[in-house]
Amino acid sequence: MQPDFSARLLNWYDQYGRKNLPWQQQVTPYRVWLSEIMLQQTQVNTVIPYFEKFTQRLPTISALAQASEDEVLHLWTGLGYYARARNLRKSAQLIKANYQGELPAELTALEALPGIGRSTAGAIMALGFHKQATILDGNVKRLLARYFGISGWPGQTAVARALWEKAETLTPDQRVAEYTQAIMDIGATLCTRSKPQCTNCPFKADCSAHQNGNTADLPGKKPKKKMPVKTTYLLLMENSQGELLLEKRPPNGIWPGLWSFPESATDDPATLLGLFQQYGLEAQTPQALATFRHTFTHFHLEITPLQVKCQQTQHQLREANQKIWYDLAQPVEIGLTRPVTRLMTELKLQRDKS
DNA sequence: AAATCGGGGTA
DNA sequence: TACCCAGATTT
């Protein structure tokens, strides 16, 4: 089909590819796995500091398996899609139990682990074990859709099937690790979503989209649907020492396992009073702060923070009760959500001013 | 404000 | 298999 595709790609990679990313140093299957999970839905530059900190704290699969969920979520705080972190820890425990603590070098065994799908399994095989295996991440999908002129949204089964077919056909059995890194790299740096640098691309002579001038239309876009807007109130309850009440969220619903401010569907005074009584707290009148919007994949959440000063002075809350007083000056290591860290930053600024 | 990104769970 | 779900960043 395209016998020199891989040769040309590797030639490009030798000259222009990235070789200094943290997970390209001291390459191990564990580091490849961790980086691939972090890189799902997240850009390289965002991932780098998280990867450094995570591997420093949990350098082995065994350490990850033994870490508490709070510690793992703490290391993930700010990255988003927290199920990735919970799956990572769960998989580490399964690897310890079933594979003597080492990732299995088998595609099907990898895919059976939570959080590892077809593409991530391929990446671990190729990059971590140097075995012939194929990846198809967002960068590769974009490049192949353009190169072969495959139209339609890659989320559609038929389109995905066509892309996988091309991806597998192209994957060489020589230098497969470098090839895998290269095809992701060229997608991320040259064959970008907007304004691709076709002039510098080794495939410009036979790229369908470049020939037809339709790079902007490939790959096809996801059909968009209007997202509902929900509203909620977050209670910023401060005790007399300025500590904040946090609750660990239940294992279902939104933000499972993460710690957040107590939530109320309403700011009705009687309802709030009932809530304060449940917590055993004597509270002053809540002060509403500016409403802001947090966007999820399927809805917007309009959050109105309610600042509540409480009389409570003692550390009476029990961890077993899934509640803690959180000291901004000496934070404990738990997983927090974006709206919560954002509000904490605002509170700190507010305090520094007064 | 809109687009993006890989995988899990369920019917 | 089809469809729904989960966050933060970049454009």
Side-chain angles (χ1 to χ4, degrees), chain A residues 32-50 73 76-91 94 107-108 110-124 134-145 152-161 163-164 167 180 184 187-189 191-196 215-230 232 249-258 260 292-303 335-343 345:
Chain A
V32 170
W33 171 37
L34 176 63
S35 66
E36 287 300 320
I37 300 298
M38 285 185 165
L39 288 164
Q40 293 168 2
Q41 294 101 347
T42 313
Q43 309 249 359
V44 167
N45 285 333
T46 309
V47 163
I48 289 173
Y50 283 88
L73 288 174
W76 213 265
T77 291
L79 263 188
Y81 284 100
Y82 300 91
R84 294 183 292 174
R86 290 194 307 276
N87 284 334
L88 208 51
R89 175 167 170 268
K90 184 79 193 302
S91 285
L94 288 169
L107 206 62
T108 50
L110 288 169
E111 274 192 79
L113 293 166
I116 301 180
R118 185 174 175 182
S119 182
T120 303
I124 296 170
T134 300
I135 59 150
L136 188 63
D137 73 350
N139 293 315
V140 180
K141 283 177 190 168
R142 190 169 53 246
L143 183 139
L144 295 182
W153 176 52
Q156 287 180 309
T157 311
V159 179
R161 202 166 38 226
L163 291 169
W164 269 110
T180 300
M184 291 192 287
T189 61
C191 199
T192 49
R193 177 157 62 95
S194 53
K195 300 178 193 161
T215 53
D217 300 326
L218 294 173
K221 294 183 197 329
K222 179 182 181 163
K224 55 180 157 194
K225 45 184 154 186
K226 44 219 165 274
M227 299 205 289
V229 179
K230 304 183 186 183
T232 193
R249 304 209 34 123
N252 47 353
I254 217 116
W255 298 325
L258 292 154
S260 176
F292 64 95
R293 174 177 281 202
H294 183 78
T295 301
F296 290 90
T297 316
H298 292 84
F299 64 95
H300 301 289
L301 189 61
E302 299 269 15
I303 299 171
L336 302 171
T337 70
R338 185 73 182 84
V340 169
T341 54
R342 169 186 171 146
L343 285 168
T345 306

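Letters A, B, ... are given to chains in the order of the sequence lines, protein chains preceding strands, and every chain is numbered from 1. Worth saying up front: this structure is predicted, and the values here are computed from it rather than measured.
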> Of A:Leu163, A:Val159, A:Thr157, which is the lone residue that meets side-chain contact (heavy atoms from CB on, under 4.5 Å) with A:Arg161?
Replying inline: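 Answer after filtering A:Leu163, A:Val159, A:Thr157: A:Thr157.
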> Hey, does A:Leu79 have a side-chain heavy atom less than 4.5 Å from the side chain of A:Thr46?
Replying inline: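 Side-chain contact under 4.5 Å: yes.
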>> For A:Thr192 versus A:Arg142, what's the shortest heavy-atom pair and its separation?
In response: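 So the minimum-distance heavy-atom pair works out to C-NE, 3.6 Å.
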> Going by the angle between their ring planes, with limits at 30° and 60°, are A:His294 and A:Phe296 parallel, tilted or perpendicular?
Replying inline: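 Geometry flag for A:Phe296 against A:His294: perpendicular rings.
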> From A:Arg84 CZ over to A:Thr42 OG1, what is the distance, rounded to the nearest 0.5 angstrom?
Replying inline: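 These two atoms lie 3.5 Å from each other.
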Nearest-Å distance, [atom1] ([X]) to [atom2] ([N])?
X: A:Leu79; N: C:dA6; atom1: CG; atom2: P; value: 18 Å
X: A:Met38; N: C:dA6; atom1: CE; atom2: C1'; value: 17 Å
X: A:Arg293; N: C:dG7; atom1: CZ; atom2: P; value: 18 Å
X: A:Gln156; N: C:dT1; atom1: CD; atom2: P; value: 14 Å
X: A:Phe296; N: C:dG7; atom1: CZ; atom2: C1'; value: 7 Å
X: A:Lys230; N: C:dA6; atom1: NZ; atom2: C1'; value: 12 Å
X: A:Leu258; N: C:dA6; atom1: CG; atom2: P; value: 13 Å

> On DNA chain C, nearest-nucleotide positions of A:Asn45 versus A:Ala83: which is more 5'?
Replying inline: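 With A:Asn45 and A:Ala83 compared, the 5'-side residue is A:Ala83.
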> For A:Thr337 and A:His298, take the nucleotide of DNA chain C holding the closest heavy atom to each; which residue's nucleotide lies nearer the 5' end?
Replying inline: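 On the 5' side of the pair lies A:His298.
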> Taking only side-chain nitrogens and oxygens of A:Thr157, does any of them come within less than 4.0 Å of OP1 or OP2 of C:dA2?
Replying inline: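 Yes, because at least one side-chain N or O of A:Thr157 sits under 4.0 Å from OP1 or OP2 of C:dA2.
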> Is the shortest side-chain N/O distance from A:His294 to OP1 or OP2 of C:dA8 below 4.0 Å?
Replying inline: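 Checking A:His294 against C:dA8: at least one side-chain N or O falls below 4.0 Å of OP1 or OP2.
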> Roughly how far apart, to the nearest Å, are C:dA6 and B:dA11 at atom P?
Replying inline: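 Going atom to atom, P in each nucleotide, I get 15 Å.
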> Stepwise, does the side-chain contact (heavy atoms from CB on, under 4.5 Å) test hold for A:Trp76 with A:Met38?
Replying inline: CA-CA 9 Å; A:Trp76 213 265; A:Met38 285 185 165; 3.5 Å; yes
> Where along nucleotides 3-11 of chain B does protein come under 4.0 Å, by heavy atom, of base (B) or sugar-phosphate alone (S), with - for untouched nucleotides?
Replying inline: SSBBSS---
> Nearest to the side chain of A:Phe299, which nucleotide is it out of B:dA1, C:dA6, C:dA8?
Replying inline: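 For A:Phe299, the side-chain atoms sit closest to C:dA6.
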>> Run the side-chain hydrogen bond (donor to acceptor under 3.5 Å, both in side chains) test on A:Thr120 and A:Gln40 for me, step by step, so that the C-alpha distance in whole Å, both residues' side-chain angles and the decisive distance to 0.1 Å come before the verdict.
In response: CA-CA 9 Å; A:Thr120 303; A:Gln40 293 168 2; 3.0 Å; yes
